[in-house]
Amino acid sequence: MKGLQGWMRLLDKSEAAVLSTLLDELDRVTASDDSSGEQLATIILKDANLTANVIRVANSVIFNPIGTPVTTVSRAIINLGFKQIRSLCLSIKLL
């Protein structure tokens, strides 16, 4: 089992169908060059825990050295970028 596809197969076999669907949507949107931040935000906002964690990471010293509070998912996406959001969301949901 390697990479995202391996995890997706494992999750499809388990009782985590909702998680699998969310990760599939996340992967599709972040992989496409035509996707918008609004599409990504809509997916993240489907899960309250994921939303809170994305905003928390966006407010961390690493991604927000100036310390201006990030209070929305759309601002977090701008600060972090699509690739970082993808990695972060996959890590949060799988752990």
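Please read these numbers as outputs of a predicted model, since none were measured by experiment.
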Query raised in the report: Under the side chain to side chain contact (heavy atoms under 4.5 Å, CB included) test, which residues partner I77, sequence neighbours left out?
Result: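 Partners of I77 by the side chain to side chain contact (heavy atoms under 4.5 Å, CB included) criterion, ordered by chain and then number, come out as L40, A41, I44, V73, F82, I85.
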Query raised in the report: Hey, is the main chain of G81 close enough, under 3.5 Å, to the side chain of Q84 for a donor-acceptor pair?
Result: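 Here the side-chain-to-backbone pair does not exist.
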To the closest 0.5 Å, what do you measure between [atom1] ([X]) and [atom2] ([Y])?
X   : Y   : atom1 : atom2 : answer
F63 : N79 : CZ    : CG    : 9.5 Å
D27 : R86 : CG    : CZ    : 4.5 Å
S35 : E25 : OG    : CD    : 11.5 Å

Count I, L, V, M, F, W, Y as connected when their side-chain heavy atoms are under 4.5 Å apart, and connections chain through other members. Are [X] and [Y] then in the same cluster?
X   : Y   : result
V61 : L80 : no
L45 : V29 : yes
V70 : I43 : no

Report task. If a pair satisfies side-chain hydrogen bond (donor to acceptor under 3.5 Å, both in side chains) and one of its residues is in residues 61-71, list it, with sequence neighbours excluded. Result ->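 Applying side-chain hydrogen bond (donor to acceptor under 3.5 Å, both in side chains) to every pair that reaches into residues 61-71, excluding sequence neighbours, yields nothing.
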Query raised in the report: What residues, two or more places apart in sequence or in another chain, satisfy side-chain hydrogen bond (donor to acceptor under 3.5 Å, both in side chains) together with S74?
Result: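 Expected list: T72.
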**Report entry** Contacts of N53 that satisfy side-chain hydrogen bond (donor to acceptor under 3.5 Å, both in side chains) - sequence neighbours left out
**Finding:**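 Counting only residues at least two positions away or on another chain, N53 forms a side-chain hydrogen bond (donor to acceptor under 3.5 Å, both in side chains) with N49, R56.
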Report task. Enumerate the residue pairs fulfilling salt bridge (charged side-chain N to carboxylate O under 4.0 Å, His left out) with a member in residues 31-41, sequence neighbours excluded, ordered by first and then second residue. Result ->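 Counting only pairs at least two positions apart or across chains, no salt bridge (charged side-chain N to carboxylate O under 4.0 Å, His left out) contact touches residues 31-41.
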